[in-house]
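Please read the structure below before turning to the comments.
For the single chain, residues carry numbers from 1 onward in sequence order. Predicted model, so just to flag it, every value in this text is computed and none were measured. Keep in mind that the numbers below use all heavy atoms, side chains included, and drop hydrogens, waters and symmetry copies.
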Amino acid sequence: MKKKNDTLYGGAGSNTRLAHMGHDPSGYHGFVNPPVVHASTVLFPDSATMEKRAQKYTYGTRATPTTDALCAAFDELEGSAGTILVPSGLAAISVPFLAYLSAGDHALIVDSVYSPCRNFCNTMLKRLGVEIDYYDPEIGADIAKLIKPNTRLIHTEAPGSNTMEMQDIRAITTEAHKPSHGRDIVVTMDNTWATPLYFRPLDFGVDVSIHATTKYPSGHSDIIMGSVHANAKHWPALEEARITMGICGAPDDSYQILRGLRTMGIRLEHHQKSALDVAKWLEGRDDVARVLHPALPSFPGHDIWKRDFKGASGVFSFVLKSDAAKSREKAHAFLDALSFFGLGYSWGGYESLAVPVNLSDRTIRTAPTDGALIRLQIGLEDIADLKKDLEAGFAAAAAV
Ligand SMILES: *Cc1c(COP(=O)(O)O)cnc(C)c1O
């Protein structure tokens with residue numbers, strides 16, 4: 001069997017790459033999967049080698065064959081120069097922010113951002129002397145008007161968390177990287193929803209792509225991990241921050257995420273198909289005010305999604321129609337009547353979930369006035385059962 005190399009991947013489809021990337025069996029006795037290496041100490045053959053650290057692996061926090069296999073797989077998917085593994089998706093936001101931002105810098109954060117990111121910015125980053133402004137997700141090239149002489153980082157997330165607004169990523173990176181600013185602005189993107197299979201941020205000028213690998217790469221609601229992927233220009237600072245802060249990926253979790261990636265393509269196809277089916281079905285109901293799903297032609301931002309994204313994953317939201325006085329009570333009745341849909345945070349696992357969305361920390365894209373916002377993750381269950389479950393929810397809401 002020929003050794004795998006870069007030319008093998010050239011032009012190969014995404015499921016082929018998912019099946020083969022990251023680990024070369026010929027490099028480890030032919031075993032299809034990489035070993036799970038539990039390690040702190042790595043021994044050196046002699047003191048001269050130790051002094052120069054002249055061998056591939058030197059210490060457990062730096063890298064192991066397990067973390068290397070996962071990072072190589074992500075670099076292949078993202079087109080990145082380097083990947084770091086961190087203990088959660090939230091750390092995949094906070095660690096690069098700490099890597100690139102210093103006291104006196106200004107950061108622009110999208111208003112529809114994953115809410116704990118906002119908390120990190122408003123507390124720790126502000127305490128460290130970083131100035132924060134939030135911007136409208138649909139700002140596009142007008143981001144230029146918000147860039148100040150000390151702007152150092154622009155954070156994007158598309159679709160936005162819970163409210164699903166699309167962003168014109170190319171327009172933002174183009175403005176951010178104009179030499180006329182006289183400043184090197186880093187554009188980061190939380191790409192958790194699309195995964196690199198449906199959107200490749202670095203191809204659109206983003207410098208640093210961020211993932212809660214907790215979600216689709218894990219796929220089974222049993223692992224918390226994050227990953228960050230940088231282009232060549234911004235890789236050294238990211239790697240240095242990781243080493244300086246003492247952050248590394250745990251061996252068993254790294255192994256499980258690589259395992260999850262192997263099936264992520266076919267899982268996502270199923271999530272996509274089922275979620276779109278449910279979204280269209282919801283859109284036709286009188287008790288639903290709006291369905292917020294970028295792949296629906298009715299959704300503002302659909303054109304951007306269609307132009308830039310290769311697919312849609314299984315998470316979207318809808319507004320359960322209600323007057324303001326009853327909206328909370330109706331949402332609770334709806335959610336409490338569900339059986340297959342669990343009430344729980346996170347998503348990306350095999351099971352369906354529902355969450356009442358709280359937008360109280362938003363300053364621009366605030367809560368809807370035509371009812372309660374509910375977020376769904378459509379899992380791998382049979383669609384007829386999920387619809388029956390949702391029907392029960394609507395019946396309970398109607399009885400309020
Ligand atoms: C879940 C999520 C995160 C955080 O991931 P954790 O592993 O739960 O910390 C970050 N960004 C987005 C968009 C998410 O949905």
Side-chain angles (χ1 to χ4, degrees), residues 89-94 96-98 100-101 103-169 171-173 175-176 181 185-193 206 208 210 212 289-290 292-294 299-301 304-305 315-320 322 324 327-328 331 345 355-375:
L90 180 54
I93 301 170
S94 60
F97 281 16
L98 291 171
Y100 300 115
L101 289 166
D105 284 345
H106 172 238
L108 286 166
I109 311 291
V110 67
D111 188 56
S112 48
V113 74
Y114 173 66
S115 166
C117 166
R118 192 180 200 106
N119 179 55
F120 173 72
C121 292
N122 290 349
T123 56
M124 196 171 277
L125 279 191
K126 281 194 179 165
R127 174 165 66 71
L128 295 174
V130 177
E131 216 186 306
I132 307 286
D133 276 319
Y134 294 92
Y135 67 89
D136 190 288
E138 288 171 5
I139 197 164
D142 279 346
I143 192 85
K145 294 178 185 157
L146 302 182
I147 293 175
K148 303 199 225 181
N150 60 336
T151 302
R152 170 69 175 140
L153 183 143
I154 299 175
H155 183 62
T156 63
E157 180 183 332
S161 272
N162 301 318
T163 39
M164 314 302 292
E165 296 89 346
M166 289 303 301
Q167 288 198 261
D168 189 338
I169 299 295
I172 289 173
T173 60
E175 290 304 322
H181 301 308
I185 298 175
V186 184
V187 181
T188 54
M189 177 170 183
D190 188 328
N191 192 35
T192 300
W193 183 84
V206 169
V208 178
I210 287 166
R290 275 175 298 136
L292 312 180
H293 189 309
F299 186 69
I304 293 178
W305 174 80
V315 176
F316 67 95
S317 301
F318 72 95
V319 179
L320 179 63
S322 169
S327 124
R328 190 151 173 269
Y345 293 111
V355 178
V357 175
N358 177 349
L359 298 175
S360 58
D361 62 354
R362 294 278 183 89
T363 50
I364 303 170
R365 295 293 177 134
T366 49
T369 51
D370 46 353
L373 190 61
I374 292 174
R375 186 188 75 197

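- Here the side chains of K148 and E131 are in contact, with some heavy-atom distance below 4.5 Å.
- The aromatic rings of F316 and H293 sit tilted relative to each other, their planes meeting at an angle between 30° and 60°.
- Annotation: the span from F97 atom CZ to M124 atom CE amounts to 13.5 Å, rounded to 0.5 Å.
- Residues W305 and P159 fail the side-chain proximity criterion, which asks for heavy atoms closer than 4.5 Å.
- Atom NE2 of H106 is separated from atom CD1 of I147 by 9.5 Å, given to the nearest 0.5 angstrom.
- Screening D190, I172, D168 for a side-chain contact (heavy atoms from CB on, under 4.5 Å) with T156, the sole residue that qualifies is I172.
- Separation of atoms OG1 (T188) and CG (L108) is listed at 10.5 Å; rounding is to 0.5 Å.
- The one candidate from T163, N162, D136 that meets the side-chain hydrogen bond (donor to acceptor under 3.5 Å, both in side chains) condition with R365 is D136.
- When side chains are defined from C-beta on, I210 does not count as touching Y114, because their heavy atoms never get closer than 4.5 Å.
- One N or O on the side chain of R362 and one on the backbone of D111 form a donor-acceptor pair closer than 3.5 Å.
- Here the side chains of Q167 and I304 are not in contact, with every heavy-atom distance at 4.5 Å or above.
- Considering OG of S115 and CZ of F120, their distance stands at 14.0 Å, rounded to 0.5 Å.
- The structure places CG of L98 at 6.0 Å from CG of L125, a figure rounded to the nearest 0.5 Å.
- The minimum heavy-atom distance linking P96 with V208 is given by the pair CB-CG1, 4.5 Å.
- For the atom pair CZ of F299 and CE of M166, the computed distance is 8.0 Å after rounding to the nearest 0.5 Å.
- In this structure, F318 and L292 have side chains that are not in contact, with every pair of non-hydrogen atoms separated by 4.5 Å or more.
- Side-chain atoms of L146 and I139, non-hydrogen and from C-beta on, do get closer than 4.5 Å to each other.
- Considering only heavy atoms from C-beta on, R118 stays 4.5 Å or farther from I109 through its side chain.
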* Verdict with reasoning, N122 to Y134, per side chain to side chain donor-acceptor pair (under 3.5 Å) -> CA-CA 11 Å; N122 290 349; Y134 294 92; 2.7 Å; yes
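- Between D105 and L153, every side-chain heavy-atom pair lies at or beyond the 4.5 Å cut-off.
- The minimum heavy-atom distance linking S112 with E165 is given by the pair CB-OE1, 3.3 Å.
- Minimum heavy-atom separation, H155 to C117: CD2-SG, 4.2 Å.
- For the pair M164 and S317, the tightest heavy-atom approach, listed with the atom from each and the gap, is CG-N, 4.3 Å.
- Contact between A372 and A331 at its shortest, heavy atoms only, is CB-CB, 3.6 Å.
- Residues I185 and T151 share a closest heavy-atom pair of CG1-O, 3.4 Å.
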